[in-house]
Amino acid sequence: MKTFVSTVLLLLCAGTAVADAPPNIVFFFTDDQTTSTLGCYGNEVVQTPNIDALAARGTRFENMFVSHSICWVSRTTILSGLTGRSYGSPDNPELARAEAVNTLYSDILRERGYRTGYFGKWHAKMPKGYKREDHFDEFEAIGRNPFYKKQPDGSLRHETEVIVDRGIDFIKSQPKDKPFALNMWFNACHAEDGDRRPGIGHFAWPRAVDGMYDDIDIAPPRLNAPEIFEALPDFLKTTINRERFFWRWNTDKKYQTNIRAYYRMVSGIDNAIGRFIKELENAGLADNTIIVYSADNGYHMGNRGLAGKWSHYEESLRVPLIIADPRVAQDQRGKVTDAIALNLDLPATFVDWSGGDVPARYQGHSLRPIVSGAKPDDWRTESFHEHFAVRTRIPAFEGIRNERYKYVRYFDHGNHEFLHDLKNDPDELVNLTADPAHAETLAAMRVRTDRRVEELGGPIAPLKAPFTASTVPHPEASAAVTVRPGNDGFVNLFNGKNLSGWTGDSKYWSVRDGALTGVTDGSLKMNRFITWKGSTIRNFDLRVNVKVSPGGNSGLQYRGTSRPDLGLDVVTGYQCDVVADNPNYNGMLYEEKGRRILSHTGEKVVIDPQGQPWIVGKMPVKEFAADQWHEYRVLVRGNHHQHWIDGHMTADLIDLDENGRSLEGVLAVQVHVGPAMTIQYKDFKIKHLPDDLPLINPSDVEIPTGAIGVRPQGRLPKDWKPPVYGK
């Protein structure tokens, strides 16, 4: 009996020691993610079982917001515990003052005996000479350019996976007698702004989730009615939010490609979190480790005709927050709270969990009482929000939000005000500032905003440089958004010096003698591509000088589709062939991995609605010498395609096949399977034509009776005869 009692007492003491031990803290922090992209927040399409499981055993915050919706301000706010207006200065609010970031929350935790780790995106604008590594025991900045990191064995690994790899290594080396605080700050789900290829270029995902969501059509943005965009003031219709809309969401096809890719990024994060949690359990650390999941800012996802964040609307300010604390009572797990939380609260919460005193300078409050019990009676009922970053291109605002109303003023734009009734108008479609019935509310919220501005550091200094619109609301050619054509209307695609603006395998592509150069030794098993990253192309006039070695075979791929299932560099779609030794193929129209030969050189063709190409006319075929420069021209207007070499037309085709054709896609060039070859491109330029050029309809075209079908590619039966139209 004595032995039994001693054993029980020993176990009780051990349990008390664990309960009293400072908890470990793991902080998963994503980029550009609003709440509508997680299963536990109501998305019925995206698969996030591991994040959903955290919510099921933790606390999910329905009203979590950022004080400033842009990457570096939000991140510096969490590191410092201060709003941007407070950590910066009126003249330069984006840059942190030295005294404001001398001690980060990680430093306070280290003073409390914590081992701290940081892996992932940094992107905080610190004072000159600032050494971020000094504020963590282990630190590795891991960026997104490129998303795929080359490993020692030559393989590629997505930054999400690399960040979690580092986190797993961190806990595997964790001393048993120390608590830890581990930050894994992802670059996902941020788009790669310099790569506007839909899908794998713009929203690159971990390859472990290849193919997810390909079999479904995802619903369009909920707030995508044209009148919603048209109701915006002019200064919101011409900003970066609208410019990037044309990079991502402006057509149904581009939207589907990019939203599926974005969801894969989310599921890739979820997979990585699941892998980490298993390792945490294997290490015996899960029972005393609090896991936090949140994001640095929201995301418009095409709503209101906008992209990105940078506005006062809910989808910009609202972010997920899930906190799973295994130490709390069972009846406090799996709950949803309506408490207004801010990114400002996270550093205060971390310090509180460590047992330390929350610094008086911190402007947020610990969320610990909400997670372990109920919302305190004196919890905030109002939150302050602002935006002042990149003021010459992003409209700056300040204002306050409570459970019923939101008030903001865009102070660089004539103090343009918004007042939204969040109860009766949760989508913020009505501006009540001119409504006499709300004059008293408007006046009161103005005063409270003034007061909060003074408390946080005072007004931002007046804008010195003029505000610059990023785009017109409805550009003629969406591909021309962001670019500046020359006087002739053409945009240069290649600088003649390096591969800037292009992506492909450096094993095959380089710059030689001022030309974009592809080389293969004849051992290729698959065509290899290099793709222009600047935009998709729709209607255009393309000019380029080309030189191909004898026996060489290449092509200009246009309105193409990236095919990561075949290779990160592989593109399929229309192609103007470049063939050195066969004049019947040089300049023809081919479709890679699709309908294949659509017209041989010299054939004028109409593809009928069922996808059968018919020869409706002939053009003379000329031979162009190999190893010499020739100008290739591709002109595409709607569904009418024309090719020329040195001014001589080689293809003229009308594509009436709605199911098979493409009206938009990427631009690429290739090196081809076959003999060793060198292909060179220079003086590469494009003129983007209007998007709304009319399509040619079947009623506009007559295919003459007796027209012969285009001979298909490949070996045909000896008795093959071409189809005849009308028979």
Using a strict threshold of under 4.0 Å (side-chain N to carboxylate O), is an ion pair present between Glu315 and Lys309? no
Report, as yes or no, whether the 6.0 Å neighbourhood of atom CD on Glu658 holds more than 12 heavy atoms from other residues, nucleotides or ligands. no
On the ring face of Trp629, is Lys682 found with NZ or CZ under 6.0 Å from the centre and within 45° of the axis? yes
Using 30° and 60° as the class boundaries, would you call the ring planes of Trp532 and His688 parallel, tilted or perpendicular? parallel
In terms of side-chain heavy atoms, does Thr482 have a donor or acceptor partner in Trp247 at a distance below 3.5 Å? yes
Please tell me if the side chains of Leu542 and Phe490 come closer than 4.5 Å, counting only heavy atoms from C-beta onward. no
Does Leu653 reach the side chain of Ile607, with side-chain heavy atoms less than 4.5 Å apart? yes
Establish, from distance only, whether the side-chain atoms of Asp31 and Tyr299 form a donor-acceptor pair under 3.5 Å. no
Considering all heavy atoms of both residues, which atom of Ala580 and which atom of Gly551 are nearest to each other, and what is their separation? CB-N, 3.7 Å
If every non-hydrogen atom of Asn303 is compared with every non-hydrogen atom of Leu223, which pair is closest and at what distance? OD1-N, 2.8 Å
Indicate whether the side chain of Asn545 and that of Asp683 have a donor and an acceptor atom separated by less than 3.5 Å. yes
When you check the side-chain N and O atoms of Asn250 and Lys254, is any donor under 3.5 Å from an acceptor? yes
Charged N to carboxylate O below 4.0 Å: is that the case for Arg528 and Asp505? no
Which heavy atom in Val164 sits nearest to a heavy atom in Met184, and how many Å separate them? CA-SD, 4.1 Å
Are Asp214 and Arg264 close enough for a salt bridge, meaning some N to O gap below 4.0 Å? yes
Under a 3.5 Å distance rule, please check whether Asp577 uses its side chain to pair with a backbone N or O of Val579 as donor and acceptor. no
Charged N-O contact under 4.0 Å between Arg144 and Glu159: no
Just checking, is any N or O donor in the side chain of Gln33 or Thr37 under 3.5 Å from an acceptor N or O on the other one? yes
Any donor-acceptor N or O pair under 3.5 Å, side chains Thr471, Thr238: no
Establish, from distance only, whether the side-chain atoms of His643 and Arg633 form a donor-acceptor pair under 3.5 Å. no
Only one of Val634, Asp652, Leu589 clears side-chain contact (heavy atoms from CB on, under 4.5 Å) with Gln642; which? Asp652
For the student: nearest non-hydrogen atoms of Pro395 and Thr239, plus distance: CD-OG1, 3.3 Å
The criterion is ring-ring contact (aromatic ring centres under 6.0 Å, His included); which residues satisfy it with Tyr681, sequence neighbours excluded? Phe684
Kindly assign one of parallel, tilted or perpendicular to the pair Tyr574 and Tyr558, based on the angle between their ring planes and the thresholds 30° and 60°. parallel
May I ask you to decide if Asp655's main-chain N or O and Arg661's side chain share a donor-acceptor pair within less than 3.5 Å? yes
What is the distance from atom OG of Ser316 to atom CD1 of Ile70, rounded to the nearest 0.5 Å? 9.5 Å
Would you say the side-chain atoms of Asn241 pair up with the backbone N or O of Ala307, donor to acceptor, closer than 3.5 Å? yes
Would you indicate whether the side-chain heavy atoms of Leu635 and Leu689 approach each other to under 4.5 Å? yes
His630-Asp646 side chain donor-acceptor pair, cut-off 3.5 Å: yes
Would a 4.5 Å heavy-atom cut-off, applied to side chains only, mark Glu664 and Thr251 as touching? yes
Taking all non-hydrogen atoms of both residues into account, name the closest pair between Gly194 and Lys533 and its distance. O-CB, 3.5 Å
Using a strict 4.0 Å threshold on nitrogen-to-oxygen distance, state whether Arg275 and Asp270 make a salt bridge. no
Between the main-chain N or O of Asp195 and the side-chain N or O of His202, is there a donor-acceptor pair closer than 3.5 Å? yes
Verdict with reasoning, Lys507 to Asp569, per salt bridge (charged side-chain N to carboxylate O under 4.0 Å, His left out): CA-CA 12 Å; Lys507 180 178 178 181; Asp569 66 325; over 6 Å; no
Salt bridge or not for Arg637 and Asp541, using N-O below 4.0 Å? no
Drop me the distance from Trp205's CH2 to Met265's CE, to the nearest 0.5 angstrom. 9.5 Å
pair Gln680-Val546: side-chain heavy atoms closer than 4.5 Å: no
Roughly how far, to the nearest 0.5 Å, is the CZ atom of Phe494 from the CD1 atom of Ile530? 8.5 Å
Heavy-atom side-chain contact between Val710 and Leu598 under 4.5 Å: no
Using the side chain to side chain contact (heavy atoms under 4.5 Å, CB included) rule, take Ile273 and Ile51 through it: C-alpha gap first, then chi angles, then the decisive distance, then the call. CA-CA 8 Å; Ile273 288 175; Ile51 298 169; 4.0 Å; yes
So, Ser267 versus Tyr213: side-chain donor-acceptor pair below 3.5 Å or not? yes
Using distance alone, with no hydrogens and no angle criterion, decide if Ser74 and Asn297 have a side-chain donor and acceptor under 3.5 Å apart. no
In plain terms, say whether Arg260 and Asp217 are close enough for a salt bridge, that is, a side-chain N and a carboxylate O under 4.0 Å apart. yes
Quick check against the 3.5 Å criterion: does Asn527 have a side-chain atom that pairs as donor or acceptor with the backbone of Val673? yes
To the nearest 0.5 Å, tell me how far Thr561 OG1 sits from Leu566 CG. 11.0 Å
Could you check whether Arg166 pairs with Glu140 (Lys NZ or Arg NE/NH1/NH2 to Asp/Glu carboxylate O, under 4.0 Å)? yes
Please list, chain by chain and in numerical order, all residues satisfying ring-ring contact (aromatic ring centres under 6.0 Å, His included) with His640, sequence neighbours excluded. none
Hydrogens and angles aside, do Gln713 and Arg596 bring a side-chain donor and acceptor to less than 3.5 Å of each other? yes
May I ask you to check if Arg242 and Phe229 form a cation-pi contact, with NZ or CZ under 6.0 angstrom from the six-membered ring centre and within 45° of the axis? yes
In Å, rounded to the nearest 0.5 Å, how long is the span from CH2 of Trp185 to OG of Ser294? 10.5 Å
Test your reading of the model: is there a side-chain donor-acceptor pair from Glu592 to the backbone of Tyr590, 3.5 Å cut-off? no
Side-chain donor-acceptor contact under 3.5 Å, Thr468 with Arg393: no
For Glu230 and His474, test the side chains for any donor-to-acceptor distance below 3.5 angstrom and give the result as yes or no. yes
Is there a donor-acceptor contact under 3.5 Å linking the side chains of Asn498 and Asn495? yes
Is there a salt bridge (charged side-chain N to carboxylate O under 4.0 Å, His left out) between Asp488 and Lys687? Walk through the geometry before answering. CA-CA 9 Å; Asp488 59 357; Lys687 179 187 288 185; over 6 Å; no
How far apart are the C-alpha atoms of Ile679 and Thr517, what are their side-chain angles, what is the distance that settles it, and do they pass the side chain to side chain contact (heavy atoms under 4.5 Å, CB included) test? CA-CA 6 Å; Ile679 178 74; Thr517 303; over 6 Å; no
Side chains of Ser311 and His300: do they bring a donor and an acceptor to under 3.5 Å? yes
Mind listing the closest non-hydrogen atom pair of Lys121 and His123 along with its distance? CE-ND1, 3.4 Å
